[in-house]
Visitor: 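Pasting a structure here, questions to come.
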Amino acid sequence: LFGWVPVAFAVGIGTYFALPDEPRFLFWAGFLAGAAGCLACAIWQGLRAPLLIALTASLLGFWSAPSRTHAGAAPVLGFRYYGPVEGRIVTIDRSASDKIRLTLDRVVLADMAPARTPARIRISLHGAQGFIDPRPGLTVILTGHLSPPRGATEPGGFDFQRHAWFRKLGAVGYTRTPVLALRPPAPGTLALVIHRTRMALSRSVQAALPGQAGAFAAAILTGDRSGIDLATVEDLRRANLAHLLAISGMHMGMLTGFVFAAMRYGLALWPSVALRWPCHKLAAATALIAGAVYLALSGGNVATERAFIMVSVMLVAVLFDQRALTLRAVALAGLIVLVRRPEELLGPGFQMSFAATAALIAVFGALRARAWGSWPVWLRWTAALVLSSAVAGLATAPVAAAQFNRVPHFGLIANVLSVPVMGSLVMPAAVLAVLLAPFGLSGLALWAMERGTAWILGVAGEVSGWDGAISYVAAPSGAVLPLLALGGLWLILWQGRARVAGALPMVAAFALWAGVERPAVLISDTGGLVGWMTPAGRALSKPAGESFAALNWLAHDGDGATQADAYARGQAVPLKPDGQIWRHETGRGAAERALAACRTANVVVTSATLEPPAAACLMLDRQKLGDLGAVAVYVRPDGVQLTPTQRPSGRRPWQGPAPERRDGVLAGSVRAN
């Protein structure tokens, strides 16, 4: 039953993040005391009380999440800032608009006390640049626009505020002025030295292998994606090959597996060594060291760290003469990840990697006793390849569809054509390139790596261009993924005939997903964009601007239209939910037009900030929406219901303090939820 311990721990974490309000200190301190009492009772029972142990794990999970939340507190910018910015480069990547983006620490802002200054900020570089060569550790100066991280674009959507909070990212923005160097990189800490090394390795790989194949090779070797353009990333996504770009469990498994096999078979070439030394343990220790080096070279991001934990658990099992690939090892790795970073439970990376690993071990464990050992080697290898791709794809497909709202239809074909090349050519060549680089002999290995990455990108480009390569699905309600996870875990972990009961919550989840209701109207947290449902799909109030919210709304609707297409829909169908008159006013003179519209409209949405009007309309201006966040509107039999993203009376730590409120924030002609 050990496999259920991380499941119970995750239930506690999920409960905390699902709460509408932040629990008070005494509340979760009481949970900790309850967990201690349950654990004491379980120990007194000789750890023979499964339900008591599960309750203890859930209570500890619930306590660990707020502990991590408050331990990671860092200043968050509370207003829009424009002015001079100073900071040290720690990360270089690309933004959604395909611009170079810098993450800075040691931030200095004009007229702002250090205690209020964000620990980290992220700046996208627009306009004329090229005055410096961005390098980790370089202190730069610029004039930038900064704002606090924005919350979810709709209730239940991806919460960037929460994502940024756990990364101590207190502001995001852009600059159109040149970025200039203020101070050269200092010797710095070990982490910074490693970061410079990996960026230097990335530049050398891209210099030796120009083009997107070299950028892809640098990304899987060092985690630096700054050289990959958006078109390449989109091809990989449409072909269901984007997982090859993220350094995760597959990369770590392939690399450590190659090192393990090379070391073990290499030692076996010497009979005296093979007969006297524990070659498999030496190979496991060497692979563990290689995995740690890869973790450092790849940047040590959360996905790679998670993959290293999973691989480490399995290699340590080999050192202690235990079987490496078991569900118990996966459970232990999952528990370690959740204890270290409880917020990972909500991320697609955690969900997909553990879903794929657990499903693969369960399926191949069931097939181990089957009589396919008599098959020819080539047939077994081919069957294992196709089956592993199919199992991993099926296990991760619901999570990917729920998180990214798209289903690639030819992903199995693309993976069967690409994954063997990744494992048999690209990753071994990467290991050899790193080992031979100090001797100046890495040219042949890099050439082989370039051939492999070029093949993968060619497959992605071909498959993504096929008709019907992807379809779009609506975002599910919050209960769907937990039900799917419960059903899948029951099928995998439960023993005996009762395991088939796991199909029931999965059927219920898909039924809920099929009947999901999308909001009739969506309003951005700035008041600058409104989207409403029409027979042709969601219409948008603007053809450009607020693109992050616009594209998220359309994606969550399961709609592949562009923002311009959605704007064209609105020209034919006016914004009148439930027959009420709505007006949206933005731009110059929006305040005057909004006040005038309030005389005849039921609801007025505006990006301007206004005093409460005397008229009877509901005015949703920038200040009110700053308090409420993005708003979803549903048509009910008794009227129109507004559901805000944020509860003004119970904000979570990552949402920051509530703005100053005015009386009657939700007073008006419609009912508020």
Side-chain angles (χ1 to χ4, degrees), residues 87-105 120 122-125 129-130 132-138 140 167 169 179 185 188-237 241-248 250-252 254-255 291-308 349 422 426-427 429-431 433-434 437 442 445-446 449-450 452-454 456-457 460:
R88 184 183 65 169
I89 299 175
V90 292
T91 304
I92 306 167
D93 61 356
R94 282 188 178 270
S95 68
S97 59
D98 210 19
K99 302 294 183 182
I100 294 295
R101 186 169 61 187
L102 307 178
T103 300
L104 309 178
D105 69 354
R120 291 191 171 197
R122 202 165 67 184
I123 295 277
S124 297
L125 309 186
Q129 298 296 337
I132 64 168
D133 177 21
R135 290 172 294 157
L138 180 67
V140 297
R167 285 153 182 78
L169 191 63
V179 177
T189 61
L190 176 61
L192 191 56
V193 170
I194 293 174
H195 191 49
R196 291 176 191 156
T197 302
R198 58 182 282 264
M199 295 304 292
L201 178 60
S202 174
R203 287 195 295 270
S204 65
V205 170
Q206 294 185 63
L209 308 175
Q212 288 301 290
F216 185 92
I220 63 174
L221 192 59
T222 68
D224 175 24
R225 301 191 194 180
S226 60
I228 302 180
D229 58 39
L230 288 181
T232 301
V233 173
E234 183 61 18
D235 284 346
L236 291 167
R237 288 172 178 166
L241 293 176
H243 64 94
L244 299 181
L245 192 59
I247 299 178
S248 56
M250 189 190 71
H251 300 73
M252 188 68 72
M254 286 179 173
L255 182 134
V293 172
Y294 189 38
L295 174 67
L297 283 179
S298 63
N301 62 43
V302 174
T304 315
E305 181 182 280
R306 180 177 62 245
F308 178 68
M422 190 77 171
V426 175
M427 295 309 295
V431 174
V434 172
S442 60
L446 286 175
M449 193 177 182
E450 191 269 342
T453 55
I456 292 170
L457 294 180

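Numbering of residues begins at 1 and proceeds along the displayed sequence. The structure presented is a predicted model; accordingly, all values stated were derived computationally and were not measured.
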Visitor: Which residues pass the salt bridge (Lys or Arg N to Asp or Glu O under 4.0 Å) test with Arg94, not counting sequence neighbours?
Guide: Asp98
Visitor: Rounded to the nearest 0.5 Å, what separates atom CD in Gln212 from atom OG1 in Thr453?
Guide: 10.5 Å
Visitor: CG/Leu102 to CD1/Ile132 distance, rounded to the nearest 0.5 angstrom?
Guide: 7.0 Å
Visitor: Measure the spacing between CG of Leu104 and CG of Leu138 and express it to the nearest 0.5 Å.
Guide: 10.0 Å
Visitor: To the nearest 0.5 Å, what is the distance between CZ on Phe308 and CG on Leu255?
Guide: 11.5 Å
Visitor: Can you pull the salt bridge (Lys or Arg N to Asp or Glu O under 4.0 Å) pairs that have at least one residue in residues 216-235, sequence neighbours excluded?
Guide: Glu234-Arg406
Visitor: Could you tell me which residues satisfy side chain to side chain donor-acceptor pair (under 3.5 Å) with Gln206, sequence neighbours excluded, listed by chain and number?
Guide: Ser202
Visitor: Donor-acceptor pair, distance only, cut-off 3.5 Å: does the side chain of Glu450 make one with the backbone of Ala213?
Guide: no
Visitor: Work out which heavy atom in Leu244 is nearest to a heavy atom in Met422; give both atom names and the distance.
Guide: O-CE, 3.8 Å
Visitor: Start with the C-alpha distance between Ile92 and Met199, add both sets of side-chain angles, then the distance that settles side chain to side chain contact (heavy atoms under 4.5 Å, CB included), and finish with yes or no.
Guide: CA-CA 9 Å; Ile92 306 167; Met199 295 304 292; 4.1 Å; yes
Visitor: Which one of Leu446, Val426, Val205 satisfies the side chain to side chain contact (heavy atoms under 4.5 Å, CB included) criterion with Leu221?
Guide: Val205
Visitor: How far apart are the C-alpha atoms of Ile89 and Arg135, what are their side-chain angles, what is the distance that settles it, and do they pass the side chain to side chain contact (heavy atoms under 4.5 Å, CB included) test?
Guide: CA-CA 7 Å; Ile89 299 175; Arg135 290 172 294 157; over 6 Å; no
Visitor: Quick one: list whatever passes side-chain contact (heavy atoms from CB on, under 4.5 Å) with Ala445, sequence neighbours left out.
Guide: Leu432, Ala433
Visitor: For Ser204, what residues pass the side chain to side chain donor-acceptor pair (under 3.5 Å) criterion, not counting sequence neighbours?
Guide: none
Visitor: Do Arg120 and Val90 come within less than 4.5 Å of each other through their side chains, counting heavy atoms only?
Guide: yes
Visitor: Residues in side chain to side chain donor-acceptor pair (under 3.5 Å) with Arg101, at least two apart?
Guide: Asp93
Visitor: Would you indicate whether the side-chain heavy atoms of Ile456 and Phe216 approach each other to under 4.5 Å?
Guide: yes
Visitor: Testing the basics here: between Met252 and Thr304, what is the closest heavy-atom pair and its distance to 0.1 Å?
Guide: CE-CG2, 3.8 Å
Visitor: Do you know which two heavy atoms are closest between Leu236 and Ala460, and how far apart they sit?
Guide: CD2-CB, 3.7 Å
